[in-house]
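Fair warning: this is a prediction, and the values are worked out from it, not measured in the lab. Heavy-atom basis, side chains included; hydrogens, waters and symmetry copies ignored. Each ligand, and each atom within it, is numbered from 1 in the order the structure gives.
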Amino acid sequence: MKIDIEQKAARKLASDINSMLSKHTRPVKFMEVCGTHTMAIHSSGIKSLFTRKLLLVSGPGCPVCVTEKLFIDQAIFLGREYGACLVTFGDLIRVPGSEGSLADLRSKGGLVKVVYSPMDAVKIAIDMEPKPVIFLGVGFETTIPTVAATLKAARSRNIRNLFVLPAFKTIHRPLKILASQEELTGFLLPGHVSAIIGSNSYDYLARDYHKPGVVTGFDALDILLAIRSLVDMAINNEARIENNYKTVVKTNGNAFAMALIDEVFEPAKASWRGLGTIPESGLALKAPYDIFDAYRQFEIQVAPTADDARCKCARILTGELTPNQCGLFGTECMPETPVGPCMVSSEGTCAAYYKYGGSFFES
Ligand code: SF4
């Protein structure tokens, strides 16, 4: 009964949205910034409810997808040359590097452990002392406070064999680049990241770029309500940041988590798949926590290699293409045989399209 009511409500909302857009002269293109939204949108089938006048594209919010191949190669180098135990979240393990993945390294006897929390790395480091244990630091503002707390715990316990290979990302700088794209109408803003940084932190999108944004949760109805708000603002030529996820996201975010980040990290340039190197879009460890920085403690001799030119991940992460515009999608590239990270990650756009299908109107 509940599902039936929700389906009816979803169809009514989609019908309202389509009706609003039918009177609007131009199509609208919204970007869902967060990988969890990408999966929610595809698993719920929302895209199939819209006409050609509404296009939803994915953004750079899947942390595994935006991490460059060089990082995987550097991690493998550390495992191979220094005998380090590499500690990572699950998705990263199957991302192809230049000469295989972390899973391949493990199958050849390398030490690679999958954890659910960075704090698990502390216990692993204690158990394996003096072997170097290196946590692969991939993630956005949602993950970073827990890494900061982990390093504080490691420092207070004087653990000297734990390190972090940092490839952390922060969301505002790439959003500014994307907001300057004329064809992008507005943003579905992330739920989890916004819980840390706060809904007010996106004000520049409306103020400086005249792009509306709505922070929303992950149910189909939440997403549809957010899209209706975005369409309403678009057809009235308005730009505001709305917070539709107030139970989780506060105006100013989570002060405790932000203070943790500030205590351990400082802004640094970061290299993004699809967007290149962006100043102050990442985080580096600052003193006294820089003793945990694997880049500082190990000499890592790995030259960058070119990505497989046939993989369109980079252009998918910036909303320029959709996966069914990649010639490898569903043929050479599938979840069991991924060519790029967008097919590996549980938040990847190609994985979402493969699992749930894309929109009829995009091909
Ligand atoms: S389908 Fe595979 S090869 Fe194509 S863009 Fe996605 S991950 Fe890359």
Side-chain angles (χ1 to χ4, degrees), residues 29-43 45-48 55-76 88-105 136 138-140 167 169 174 177-178 181 183-184 188 270-277 304-363:
K29 183 176 177 181
F30 301 129
M31 173 176 279
E32 84 265 3
V33 175
C34 156
T36 313
H37 276 147
T38 300
M39 272 296 166
I41 286 166
H42 283 84
S43 64
I46 285 174
K47 278 188 165 186
S48 63
L55 181 61
L56 288 174
V57 293
S58 303
C62 159
V64 167
C65 305
V66 294
T67 300
E68 291 205 307
K69 186 172 60 169
L70 179 62
F71 180 81
I72 303 293
D73 293 345
Q74 290 170 334
I76 289 172
T88 178
F89 295 132
D91 279 353
L92 203 64
I93 196 164
R94 291 180 54 242
V95 173
S98 298
E99 295 173 18
S101 64
L102 292 162
D104 294 329
L105 176 71
L136 305 184
V138 167
F140 282 93
K169 306 282 192 293
I177 293 171
L178 293 164
Q181 289 182 7
E183 65 275 13
L184 211 50
L188 272 177
S271 191
W272 297 65
R273 187 186 297 270
L275 290 162
T277 301
T305 58
D307 285 326
D308 186 329
R310 301 169 303 161
C311 174
K312 308 297 182 205
C313 261
R315 294 170 71 189
I316 289 168
L317 291 166
T318 52
E320 197 186 330
L321 296 180
T322 51
N324 40 12
Q325 292 171 299
C326 169
L328 305 187
F329 177 75
T331 55
E332 191 169 329
C333 185
M334 291 186 275
E336 309 77 37
T337 54
V339 176
C342 302
M343 188 58 93
V344 174
S345 172
S346 59
E347 297 185 350
T349 309
C350 299
Y353 270 68
Y354 188 86
K355 191 169 181 187
Y356 300 109
S359 166
F360 172 76
F361 298 112
E362 287 160 14
S363 53

**Message:** Using every non-hydrogen atom in the two residues, find where Ser271 and Thr277 come nearest and quote the distance to one decimal.
**Reply:** OG-OG1, 3.8 Å
**Prompt:** With a 4.5 Å limit on heavy-atom distance, are the side chains of Glu332 and Cys311 in contact?
**Reply:** no
**Asked** Can you tell me if an N/O/S atom from Cys311 lies under 2.8 Å from atom 8 (Fe) of ligand 1?
**Response** yes
**Request:** Give a yes or no answer on whether the side chain of Lys169 reaches the backbone of Ala270 with a donor-acceptor pair at less than 3.5 Å.
**Result:** no
**Request:** Please state whether the rings of Trp272 and Phe140 are parallel, tilted or perpendicular, taking 30° and 60° as the class boundaries.
**Result:** tilted
**Residue from Ser346, Cys65, Cys62 passing side chain to side chain contact (heavy atoms under 4.5 Å, CB included) with Asp91** = Ser346
**Message:** Please list, in number order, the atoms of ligand 1 under 4.0 Å from a heavy atom of Gly340.
**Reply:** 7 (S)
**Message:** List ligand 1 atoms under 4.0 Å from Met343, heavy atoms only on the residue side.
**Reply:** 7 (S)
**Message:** Counting non-hydrogen protein atoms only, what is the nearest one to atom 5 (S) of ligand 1? Give residue, atom name and distance.
**Reply:** Lys312 N, 3.2 Å
**Item:** Atoms in ligand 1 flagged as close to Cys326, the criterion being non-hydrogen separation under 4.0 Å
**Value:** 1 (S), 3 (S), 4 (Fe), 5 (S)
**Asked** Cys313 near ligand 1, heavy-atom distance under 4.0 Å?
**Response** yes
**Item:** Atom pair OH (Tyr353) and SG (Cys326), whose distance is rounded to the nearest 0.5 Å
**Value:** 12.5 Å
**Fill in**
In ligand 1, the atoms that come under 4.0 Å of a heavy atom of Ile316 are 5 (S)
**Item:** Cys350 N/O/S atom closer than 2.8 Å to atom 6 (Fe) of ligand 1
**Value:** yes
